[in-house]
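Structure, as C-alpha cells:
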There are 2 protein chains.
Amino acid sequence: MSDPLHDSALVAADAIGDVIEHWGFRKALGRVWTVLYLEDVPLSAAEIAERLSMSAGAVSTTLGELQRWGVAKRVWKPGQRKEFYEAETDFWKMISRVVNERERALAQRIRARLEEATEMAYDAPRSSRRSHVTERLKRLVSFALVAQTVIDSFVVSQRADFQKFGNLLSFAREKVARRR
Amino acid sequence: MSDPLHDSALVAADAIGDVIEHWGFRKALGRVWTVLYLEDVPLSAAEIAERLSMSAGAVSTTLGELQRWGVAKRVWKPGQRKEFYEAETDFWKMISRVVNERERALAQRIRARLEEATEMAYDAPRSSRRSHVTERLKRLVSFALVAQTVIDSFVVSQRADFQKFGNLLSFAREKVARRR
DNA sequence: TCGAACTTTCAGAAGTTCCTGAAAGTTCGT
DNA sequence: ACGAACTTTCAGGAACTTCTGAAAGTTCGA
C-alpha cells in the first residue's frame with residue numbers, strides 16, 4: 001500500500017506547500033500543484049484527494065484556485081466522465097503571472113491609500129510637524145511608485161533592478177540635507 | 001482631541017500594515033513602524049499604544065520584533081525614565097535585511113527537503129515513473145538553487161536577474177527533448 | 001429525460017494567530 | 001535597598017482562516 005514514489009512526492013509537496021504558504025497562499029495550493037507536477041499523467045480530483053488525504057471539498061476549491069492562477073489546467077480524457085488535471089510546468093510563467101496580478105495590484109492600491117493620507121495631512125494647519133509628515137508621506141508614495149515600475153519591468157524583462165530604491169532614498173536625503 | 005496629522009498617519013499606517021501583512025508579518029509591525037517613521041521625534045511605547053489603540057503588551061512585543069528585524073531602534077533620552085523608539089528610514093537596508101534572513105534561509109531549508117524527497121525516490125524500483133519523478137524533483141532542486149543564487153546577488157547588488165529561471169527551464173526542457 | 005457519476009458550495013468544526021489584561025520582572029532615582 | 005515607573009511575559013479569549021462532510025448542483029450516457 002505504501003509506494004516510495006508517492007511518499008517522496010508527499011515530502012516534496014509539503015516543502016513546496018511551505019514555500020507557497022510563505023508567499024501568502026494556502027499550503028494546500030502548493031501541495032496539490034506539486035503532486036500534479038511530479039506526475040507524468042493528469043490526475044483526477046479523487047486521486048489527489050486520496051494521495052494527500054484531503055476532502056473532496058478542499059480538493060475542489062484548491063483546484064479551482066490553481067486554475068484561476070493559471071498554474072494547473074483541466075484536461076479532458078475521451079471516454080472518461082471525470083475531469084483530469086495537470087500542472088503548469090513553466091516556472092517563469094507562474095511567477096510572472098502571480099507577480100503581475102498580485103503585487104502590481106497591491107502597489108496600486110497602497111499608493112492610492114498613501115495619497116489619501118497625504119491629502120488629509122494637507123488639511124492640518126501649517127506647521128513644521130505638518131511639513132515633516134507630508135515629506136515622509138511623499139517618500140512612501142515614491143516608494144510605491146518605484147515598486148510599481150520595478151514590478152512592471154520585472155514582468156516584461158525578467159529582471160528587477162532595486163537600485164532604484166537606492167536612488168529614491170538618496171534623492172530624499174539630498175532634499176533633507178539641503179534644508180538644513 | 002482629533003489631530004488631522006495623527007489621523008493621516010493612521011491611514012498610512014493601516015496601508016503599510018497591509019503591505020507588511022502581505023509579506024507574511026503581523027499587520028501591527030507595519031502600523032507601528034509607520035507611526036514611528038512619520039514622526040520627527042522618537043516616541044515612547046505608551047504614545048504608540050495611545051495612537052494606535054493597542055495594549056501595552058502588544059506594543060511591547062511588536063517593538064521587540066521590529067528591533068530584531070533592525071527596522072526600529074531604541075533611543076535613550078537623558079533624564080527620561082522611559083525608553084523611546086524611532087524608525088529605520090533606509091528602505092534598502094530594511095528590504096535587504098529581511099530578504100537576506102528570511103528568503104535565503106527558506107530557500108536553504110526547502111532545498112534540503114527536496115533533496116530528501118529525491119533520495120526517497122531513488123529507493124523505489126527502477127521504472128519509467130521513477131525516472132519521471134526524479135527528473136521533476138531535480139528541476140525543483142535546481143529551482144531552489146537558482147533562487148538562492150538570485151537572492152545572494154540581490155542582497156549584494158540590489159539587482160535580481162530572474163532570467164536564470166528562464167535558463168533553468170529551457171535547460172530542463174532540452175534534457176527531456178533529447179531523451180525522446 | 002432520468003439517474004448515476006462527478007463537482008461545487010457552504011454551514012459548522014477545528015485549527016491557528018493575535019491581542020488583551022494582569023502579573024511578574026526590571027530599572028533607576030532617592 | 002526600596003518603591004515608583006516602566007517593560008516584558010503569558011494564559012486565556014477573540015477573531016480569523018481553512019477544512020470537513022453533506023447537500024445541492026451539474027453533466028452525460030442511455
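Below, chain A is the first sequence line, B the second, and so on; all start at residue 1. Everything numeric here is computed off the predicted structure, so don't read it as measured data.
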Given protein heavy atoms under 4.0 Å, the one-letter contact record of nucleotides 8-24 of chain D, with B base, S sugar-phosphate only and - none, is simply BB--------SSBB---

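- The residues D18(A) and R113(B) are annotated as salt-bridged, a charged nitrogen and a carboxylate oxygen being separated by less than 4.0 angstrom.
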Reading nucleotides 25-30 of chain C from 5' to 3' and marking B where a protein heavy atom lies under 4.0 Å of the base, S where only the sugar-phosphate is that close, and - otherwise, the string is --BBS-

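- The CD atom of E135(B) sits 11.0 Å away from the CG atom of L38(A) when rounded to the nearest 0.5 Å.
- Taking the centre and axis of the six-membered ring of F25(A), the NZ or CZ atom of R102(A) falls inside the cone set by 45° and 6.0 Å.
- Crowding of K27(A) atom NZ: a count of heavy atoms from other residues, nucleotides or ligands under 6.0 Å exceeding 12.
- Atom P of nucleotide dT7(C) and atom CD of E47(A) are separated by 11 Å, given to the nearest angstrom.
- Rounded to the nearest 0.5 Å, atoms OG1 (T34(A)) and CG (L10(A)) are 10.5 Å apart.
- Salt-bridge check for R51(A) with E39(A): passed, with a basic side-chain N closer than 4.0 Å to an acidic carboxylate O.
- Using the six-membered ring where Trp is involved, W33(A) and F91(A) have ring planes that are tilted, between 30° and 60° apart.
- A straight line from CG of L52(B) to P of dC19(C) spans 11 Å, rounded to a whole angstrom.
- For E115(B) and R111(B), the salt-bridge test passes: some basic side-chain N is under 4.0 Å from an acidic carboxylate O.
- In this structure, CZ of F84(A) is placed 15 Å from P of dA5(C), rounded to the nearest angstrom.
- The number of heavy atoms from other shown groups lying within 6.0 Å of NZ (K77(A)) is above 12.
- Two end axes, each from the C1' atoms of five base pairs, can be drawn for the helix from dT1(C)-dA30(D) to dT30(C)-dA1(D); they diverge by 20°, to 10 degrees.
- What you find for L36(B) and A72(B) is that their closest heavy atoms are CD1-CB, 4.2 Å.
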